Chemist: 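Below you will find the structure I want to go over with you.
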Amino acid sequence: MGAQKARAMKSGSGSFDIDEFIAKLVTFMGGKSLEDHADGDSDEEYADNAARPLDWAKIGRKALAKSRRVPVLGYMLGPLSLEQKTRAPIRRSKLEKNQEDLRKPQELKEGDIARSENETTKNVAQLEAILTDIGEPINFFRLVINPNDFAQSVENVFYLSFLIRDGKVAFETDTEGEPIVYICEQPSDADYSGGLQKRQKVFEFDMATWKRAIEVFDITESKIPQRPPAKFRLGDKWYG
């Protein structure tokens, strides 16, 4: 295909002669063409000249003067044949579990769960009854603080917050600046419709405040009875 395109080339009025081009190319590289042999060279002289290698570097320097392309290594027969490597499949070993080590989750029924005696509803009702028996405003800290148990003091504040939220207990500050709580009549829907609004208070109660309140108000006993530690049962075991 390339030879046919070369023969079809034309330069000016004449066509491109590939045989003449090759002959001149061989002569330029130091070889002898068939025309030189026909002009009088003996067979021995022609054989000696044909045996000498052609100076390909000479024509290469000529080509480099006309091109800036970097010469690269090439093969006259095309690229080397490459054998594509096949990837070996990876086999993963299946994890086999020992059936003896497997345990079935414990199934719990409603009867297996023993409810704690310290339920929130019960403790809130008990605190409401205590405030009803007192019948007058009481210092907030004197009510909720248990001087022997910081955790139950925090629980008392938690239970009292439900009564204040429902409007059964009022939280105010007296003329001396002490926080007081007392039992009150729970507002009705008509009161809220008339403009009564609920207010939210954020109260910080840590161990330092607990100790300071015991010291300032000289609290020696708790107004709210000591509750036993909470315990609950899951299945055949008790947790506390």
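Residue indices begin at 1 and follow the sequence shown. Please read all numbers here as calculations on a predicted model, not as lab measurements.
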Chemist: Check whether any side-chain heavy atom of Leu143 sits under 4.5 Å from a side-chain heavy atom of Leu131, and report yes or no.
Modeler: yes
Chemist: Enumerate the side chain to side chain donor-acceptor pair (under 3.5 Å) contacts for residues 124-139, please, sequence neighbours excluded, ordered by first and then second residue.
Modeler: Asn139-Glu178
Chemist: Atom OG of Ser161 and atom NZ of Lys201: how far apart are they, to the nearest 0.5 Å?
Modeler: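 Between Ser161 OG and Lys201 NZ, I get 14.0 Å after rounding to 0.5 Å.
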Chemist: Using atom types as modelled and distance alone, determine if a side-chain donor or acceptor of Lys168 lies under 3.5 Å from a backbone N or O of Ile183.
Modeler: no
Chemist: Asp55 side chain to Met29 main-chain N or O, any donor-acceptor pair under 3.5 Å?
Modeler: no
Chemist: Could you list the donor-acceptor pairs under 3.5 angstrom formed by side chains in residues 211-225, with sequence neighbours left out?
Modeler:
residue, atom, partner, partner atom, Å
Ser222, OG, Ile224, N, 3.2
Ser222, OG, Ile224, O, 2.7

Chemist: How close do Phe158 and Thr120 get, counting heavy atoms only, and between which atoms?
Modeler: CE2-CG2, 4.2 Å
Chemist: When you check the side-chain N and O atoms of Thr209 and Asp206, is any donor under 3.5 Å from an acceptor?
Modeler: yes
Chemist: Have Asn146 and Gln226 got a donor and an acceptor in their side chains that come within less than 3.5 Å?
Modeler: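 A pair is found: one side chain offers a donor N or O, the other an acceptor, under 3.5 Å apart.
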Chemist: With hydrophobic residues grouped by side-chain heavy-atom distances under 4.5 Å, do Ile180 and Phe203 end up in a single group?
Modeler: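 Unlinked, Ile180 and Phe203 end up in two clusters.
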Chemist: Is the count of non-hydrogen atoms from other residues, nucleotides or ligands lying under 6.0 Å from Phe28 atom CZ greater than 12?
Modeler: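 Yes, the 6.0 Å shell around CZ holds more than 12 heavy atoms from other groups.
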Chemist: Might you point out which heavy atoms bring Ile145 and Pro147 nearest each other, and give the distance in Å?
Modeler: O-CD, 3.7 Å
Chemist: Are side-chain heavy atoms of Asn156 and Leu127 found at a separation under 4.5 Å?
Modeler: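 A side-chain contact is absent here, since even the closest heavy-atom pair is not under 4.5 Å.
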Chemist: Shortest non-hydrogen contact from Gly167 to Cys184?
Modeler: O-SG, 3.3 Å
Chemist: Under 6.0 Å between ring centres: does that hold for Tyr182 and Phe171?
Modeler: no
Chemist: How many angstroms lie between atom CG of Leu160 and atom CZ of Phe162, to the nearest 0.5 angstrom?
Modeler: 11.0 Å
Chemist: Once you round to the nearest 0.5 Å, how far does CZ of Arg227 lie from OH of Tyr159?
Modeler: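 These two atoms lie 5.0 Å from each other.
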